[in-house]
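Everything below concerns the one structure shown next.
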Amino acid sequence: MTKKSMDKIMALAKRRGFVFQASEIYGGINGFWDYGPLGTLLKRNLREAWWQDVVLFPCRGALGPNGEPVRMVPLDTTIIQHPKVWEASGHVAGFSDPMVDCRESKARYRFDHLLVFAPASGDTQGKPYFAYLTDSPSEAKQKKKAEKAFGDVITIALSEVPKDAWARVLGPDAEKVGSLTEPRAFNLMFKTYVGATAGEDDVAYLRPETAQGIFVQFKNVLDTTRVKLPFGIAQTGKSFRNEVTPRNFTFRSREFEQMEIEFFCHESEAAEWYRFWRDTRMAWWQSLGLKGENLVLREHDREERAHYAKEGAGVSDVEFRFPFTDPGFGELEGIAHRTNFDLGQHQKFARTNLEFFDSDRGELLPNGSRKGEKYLPHVIEPSAGLDRGVLALLCEAYTEDPSRPSPELLRLHPRLAPVKGAVFPLVNKDGMPEISEKLHAELVRKFYRLGPIEHDVKQSIGKRYARMDEAGCPYCFTVDGETASAQTVTVRDRDTGAQERIGIDRVAEFLAQKLEQS
Ligand code: GAP
């Protein structure tokens with residue numbers, strides 16, 4: 001398969017109003033992106049698909065490992081929480097990347113991203129170590145210098161350079177050696193102040209994940225609904241991370257949206273719920289068109305696990321092969337057995353009992369009921385990125401076909417397509433626009449809940465089809481010379497370009513069927 005060009009995908013995304021650089025007229029702001037009209041609809045459709053398949057009709061009716069329908073309730077918590085939430089979750093102390101500054105160039109690098117060209121012999125003979133960032137201009141520049149100094153060179157991590165030799169490291173963008181500082185932890189949470197005083201006591205943070213809002217409201221949800229374990233709480237919303245190196249279009253942004261489930265269960269059932277969610281979430285992304293060798297499910301090995309994942313607790317990622325990660329993959333969604341770490345931390349920090357009383361467990365009593373068991377539930381967390389999902393869908397859907405009059409198209413799943421259909425008069429005269437306007441009005445009334453139906457009379461019919469192909473619109477209906485007498489229109493299929501004639505009175509039914517099937 002030929003590699004797709006990220007430049008072309010980004011150009012289409014900009015040209016057709018899917019994604020714009022935030023504050024573009026001011027030169028943009030690194031790590032922030034806006035969605036244009038088509039992008040907003042695509043993002044909404046993906047969020048909506050998640051809501052439907054996770055909250056409104058969990059797992060589309062599939063039974064959980066306990067043989068019962070999956071229980072899920074929604075939640076909407078604030079971006080700014082009590083600062084203690086982030087102490088309890090470990091984000092204040094531990095949510096950081098080690099950074100190295102260059103005193104000369106003022107550039108800042110992630111310590112674990114810096115590599116060094118060193119002599120293959122191992123002995124620098126007092127000459128510099130040449131530091132660089134992979135795939136950046138510094139790589140070729142430093143390699144040239146290193147080869148001139150040593151002949152044969154090898155690559156090592158900056159962390160492997162002995163401490164007493166740091167004064168001889170030449171930074172990627174520096175002219176003189178010894179300009180790099182020792183690595184320092186850089187917290188990724190955005191800090192702000194609540195209230196007018198803006199003193200140190202008023203510090204608060206923008207949430208780096210939506211998950212903690214769910215843990216903090218766990219008890220309220222239990223007390224105000226009739227849910228019982230096992231059940232999940234689902235939430236979508238913005239999260240913020242002051243990423244050191246935002247890059248690859250929207251893939252790593254500083255403001256992004258997450259779609260998270262915290263699924264609460266008894267410890268003894270956690271392993272099977274973990275497997276259930278891992279497989280269900282993988283199948284969900286596949287159902288939206290991310291298929292084949294571009295999508296993988298990868299179990300983490302031990303070293304990769306987060307602080308909350310204990311021995312034996314599963315962690316896996318649904319990963320997509322983006323053009324910029326190819327042949328590798330980038331994470332779309334993480335599925336983690338978080339144990340009862342978070343509830344335990346909040347219980348401790350808030351000095352509140354967050355245990356659940358499970359009346360279906362414990363010893364069987366003579367009257368046939370159970371004694372009950374109090375416990376702190378375990379949590380399986382499927383945590384997906386909405387913006388990353390949109391990006392993956394755009395990359396997967398982007399197709400080049402030079403044999404077509406419209407060489408670029410987006411083969412988006414009809415459920416996700418921003419525009420659901422389009423109606424055109426073949427020419428803007430001879431009574432055709434009147435018929436197409438009427439048909440358009442009928443379709444808008446029927447389908448507005450799913451998305452817009454376009455009506456376009458300008459330019460040649462080929463150009464109008466091409467515009468719709470680039471927008472990912474699955475079906476175009478054209479009123480032509482035969483329509484008035486035969487009461488038929490043509491339907492053009494985006495993916496094949498094939499056309500067929502159907503009765504004008506069947507158009508709404510045809511579209512409903514196609515959208516329903518998907
Ligand atoms: N509550 C768990 C959690 O937040 P995560 O792996 O850090 O886990 C979950 O994030 C998902 O959020 C990722 O799989 C990714 O899709 C998305 N995500 C994380 N950081 C992101 C960023 N800087 N830009 C865009 N999406 C991001």
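Both backbone and side-chain heavy atoms feed into the values below; hydrogens, waters and symmetry mates do not. Both counts, for ligands and for their atoms, begin at 1 and track the order of listing. Index from 1, following the sequence.
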Inset, instruction - Tell me, please, whether F190 has R254 positioned over its six-membered ring: NZ or CZ under 6.0 Å from the ring centre and within 45 degrees of its axis? - result: no
Inset, instruction - May I ask you to identify, for Q212, whether its side chain, its backbone, both or neither come under 4.0 Å of ligand 1 on a heavy-atom basis? - result: neither
Inset, instruction - State, yes or no, whether a side-chain contact exists between I80 and L206 at a heavy-atom distance under 4.5 Å. - result: yes
Legend entry - R252, portion touching ligand 1 at heavy-atom distance under 4.0 Å: both
Legend entry - E262, any N or O under 3.5 Å of ligand 1 N or O: no
Legend entry - ligand 1 N/O within reach of T250 N/O, cut-off under 3.5 Å: no
Legend entry - E260 neighbourhood, listing ligand 1 atoms whose heavy-atom distance to it stays under 4.0 Å: 1 (N), 2 (C), 3 (C), 4 (O)
Inset, instruction - Decide whether Y109 and D101 meet the rule of one side-chain donor and one side-chain acceptor closer than 3.5 Å. - result: no
Legend entry - Any H413 side-chain heavy atom under 4.5 Å of N45 side chain: no
Inset, instruction - Report the member of R241, E333, E209, E381 with the shortest heavy-atom distance to atom 5 (P) of ligand 1. - result: R241
Inset, instruction - List every atom of ligand 1 that sits less than 4.0 Å from any heavy atom of S253, numbering the atoms from 1 in the order shown and giving each element. - result: 22 (C), 23 (N), 24 (N), 25 (C)
Legend entry - F95 ring center within less than 6.0 Å of W86 ring center: no
Legend entry - ligand 1-proximal atoms of A211, by part, heavy-atom distance under 4.0 Å: side chain
Inset, instruction - Output the list of atoms in ligand 1 that are nearer than 4.0 Å to some heavy atom of R338, sorted by atom number. - result: 1 (N), 2 (C)
Legend entry - Enumerated ligand 1 atoms positioned under 4.0 Å from heavy atoms of L332: 14 (O), 16 (O)
Inset, instruction - Just let me know how D387 lines up against ligand 1, side chain, backbone, both or neither, with a heavy-atom cut-off below 4.0 Å. - result: neither
Inset, instruction - Identify which one of R415, R60, R47 satisfies the side-chain hydrogen bond (donor to acceptor under 3.5 Å, both in side chains) criterion when paired with Q52. - result: R415
Inset, instruction - Dump the intermediate steps for ring pair (Phe, Tyr, Trp, His ring centres under 6.0 Å) on W285 and F320, then the final yes or no. - result: CA-CA 10 Å; W285 287 108; F320 180 72; 9.2 Å; no
Inset, instruction - Compute both the distance and the angle, then confirm whether R281 meets the cation-pi test with W284: under 6.0 Å from the six-membered ring centre, within 45 degrees of the axis. - result: yes
Inset, instruction - With atom 18 (N) of ligand 1 as the reference point, say which of F256, W33, F320 has the nearest heavy atom. - result: F256
